[in-house]
Amino acid sequence: MRKLVIAPHPDDEILGCGGYLLKSKYNKDEISWLICTSLLPEEGWETKYIQSKSQQIEKVREKLGVKNNNLFFLDLPTTKLDKYPMSFLVNKISKVINKFKPEELLLPHPGDIHSDHKIIFEASITTTKWFRCK
């Protein structure tokens, strides 16, 4: 089965459904991972810290069995997703969904208190409308 986990931030995939993803790996499912936000130098993050986080993401990718070509980044600034129009986010996420063509989506909980999580849930669920997934 093809599964796509959509994480607003790197670590949300583990905190939200890490055990399920490991079980999916064990079952030989094809897992894809979309990380929506990134630490960006123009947002004040130091290069050394960004590199450290990139190395952590790579370790998690390997542990989850996500192939290199199944790891996607939107590279949006963390905690600023509310600055983007919903249509922009829907378009970005739709491109990944249409490329990977998952049979199952793993999303943040819609009732999560973190605004980035709520926004990514809304944008992701909107992409599942039949006319967006071709």
Side-chain angles (χ1 to χ4, degrees):
M1 178 175 278
R2 296 172 63 81
K3 300 178 180 188
L4 171 61
V5 59
I6 300 179
H9 316 100
D11 79 359
D12 292 330
E13 73 294 333
I14 297 298
L15 295 172
C17 56
Y20 182 72
L21 290 170
L22 289 173
K23 181 180 178 184
S24 297
K25 174 189 173 186
Y26 175 79
N27 289 336
K28 307 238 186 285
D29 292 329
E30 186 175 3
I31 302 168
S32 186
W33 181 14
L34 170 59
I35 301 173
C36 298
T37 63
S38 296
L39 302 176
L40 305 170
E42 57 269 23
E43 295 292 321
W45 297 100
E46 293 187 24
T47 303
K48 189 173 180 179
Y49 187 69
I50 293 171
Q51 290 170 342
S52 170
K53 290 298 179 183
S54 293
Q55 290 169 352
Q56 290 174 13
I57 289 169
E58 180 58 21
K59 287 179 185 176
V60 171
R61 183 197 65 73
E62 289 175 3
K63 294 284 186 193
L64 292 177
V66 175
K67 297 175 188 169
N68 277 326
N69 61 331
N70 286 347
L71 176 59
F72 302 94
F73 296 92
L74 297 186
D75 288 327
L76 300 170
T78 188
T79 71
K80 295 191 177 175
L81 295 179
D82 59 337
K83 306 294 184 210
Y84 293 93
M86 184 59 65
S87 60
F88 173 82
L89 298 171
V90 167
N91 184 46
K92 291 276 197 186
I93 294 169
S94 290
K95 286 179 182 176
V96 173
I97 289 175
N98 285 323
K99 182 174 182 173
F100 182 69
K101 301 201 182 305
E103 298 167 87
E104 183 174 282
L105 286 178
L106 302 160
L107 307 174
H109 190 278
D112 195 307
I113 195 162
H114 194 305
S115 61
D116 280 357
H117 295 199
K118 288 179 184 181
I119 291 166
I120 291 303
F121 172 81
E122 287 296 322
S124 298
I125 204 72
T126 301
T127 65
T128 63
K129 293 179 181 176
W130 66 268
F131 55 86
R132 288 198 177 95
C133 296
K134 300 173 183 170

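Residue numbers count from 1 along this sequence.
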*Does Asn91 use its side chain to pair, donor to acceptor, with the backbone of Phe88 at less than 3.5 Å?*
no
*Determine the minimum heavy-atom distance between Ala123 and Val90, stating which atoms define it.*
O-CG2, 3.7 Å
*Point-to-point distance, once rounded to the nearest 0.5 Å, from OG of Ser38 to NZ of Lys53*: 12.5 Å
*If you measure from OG on Ser115 to CG on Asp82, what distance do you get to the nearest 0.5 Å?*
5.5 Å
*Determine yes or no for a side-chain-to-main-chain donor-acceptor pair under 3.5 angstrom, with Lys101 supplying the side chain and Asn98 the backbone.*
yes
*Assess whether atom CD1 of Ile113 is packed by more than 12 heavy atoms of other residues, nucleotides or ligands within 6.0 Å.*
no
*Derivation and outcome, side-chain contact (heavy atoms from CB on, under 4.5 Å), residues Thr128 and Leu105*: CA-CA 9 Å; Thr128 63; Leu105 286 178; 3.5 Å; yes
*Under the side-chain contact (heavy atoms from CB on, under 4.5 Å) rule, collect the residues that match up with Pro77, sequence neighbours excluded.*
Leu40, Glu43, Lys80, Tyr84
*Is the backbone of Met1 close enough, under 3.5 Å, to the side chain of Asp29 for a donor and an acceptor to pair up by distance?*
yes
*Can you label the angle between the Phe100 ring and the Phe72 ring as parallel, tilted or perpendicular, going by 30° and 60°?*
perpendicular
*Do you know which two heavy atoms are closest between Ile93 and Thr127, and how far apart they sit?*
CG2-CG2, 3.7 Å
*Stepwise, does the side-chain contact (heavy atoms from CB on, under 4.5 Å) test hold for Ile50 with Glu46?*
CA-CA 6 Å; Ile50 293 171; Glu46 293 187 24; over 6 Å; no
*NZ of Lys118: more than 12 outside heavy atoms within 6.0 angstrom?*
yes
*With hydrophobic residues grouped by side-chain heavy-atom distances under 4.5 Å, do Leu106 and Ile125 end up in a single group?*
no
*asked:* Applying a strict under-4.5 Å side-chain criterion to I, L, V, M, F, W and Y, I'd like to know whether Ile14 and Leu71 cluster together.
replied: yes
*Could you go through the side-chain contact (heavy atoms from CB on, under 4.5 Å) check for Asp12 and His117 one step at a time?*
CA-CA 9 Å; Asp12 292 330; His117 295 199; 3.1 Å; yes
Would you be so kind as to tabulate the donor-acceptor pairs closer than 3.5 Å made by side chains of residues 17-25, with sequence neighbours excluded?
unit_1	atom_1	unit_2	atom_2	d
Tyr20	OH	Lys3	NZ	2.9
Tyr20	OH	Glu104	OE1	3.3
Tyr20	OH	Glu104	OE2	2.7
Ser24	OG	Lys3	NZ	2.9
Ser24	OG	Tyr20	O	2.9
Lys25	NZ	Lys63	O	2.8

*Single-linkage hydrophobic cluster, 4.5 Å side-chain cutoff, Phe73 and Val5 together*: yes
*Non-hydrogen atoms of Ile31 and Leu64 that approach each other most closely*: CD1-O, 3.5 Å
*Any sub-3.5 Å donor-acceptor pair from Arg61's side-chain atoms to Val66's backbone N or O?*
yes
*Is the backbone N or O of Val60 less than 3.5 Å from a side-chain atom of Glu62, with the two atoms forming a donor-acceptor pair by type?*
no
*Any donor and acceptor pair, going by atom type alone, linking the side chain of Thr37 with main-chain N or O of Thr78 inside 3.5 Å?*
no
*asked:* Quick check: is Ile35 connected to Leu107 through a chain of hydrophobic side chains (ILVMFWY, heavy atoms under 4.5 Å apart)?
replied: no
*Is Glu103 paired with Arg2 through a side-chain N to carboxylate O contact shorter than 4.0 Å?*
no
*Distance in Å, Asp116 CG paired with Leu76 CG, rounded so as to fall on 0.5 Å steps*: 9.5 Å
_Trp33 vs Glu13, side-chain contact (heavy atoms from CB on, under 4.5 Å): CA-CA, chis, key distance, verdict_ = CA-CA 8 Å; Trp33 181 14; Glu13 73 294 333; 3.2 Å; yes
_Ser124 (side chain) donor-acceptor with Ile120 (main chain) under 3.5 angstrom_ = yes
*Nearest heavy-atom pair of Trp45 and Leu39: which atoms, and what distance?*
CE2-CD2, 3.3 Å
*Once you round to the nearest 0.5 Å, how far does NE2 of His9 lie from CG of Leu15?*
11.5 Å
*asked:* Is there a path of hydrophobic side-chain contacts, each under 4.5 Å between heavy atoms, that joins Ile6 and Leu81?
replied: yes
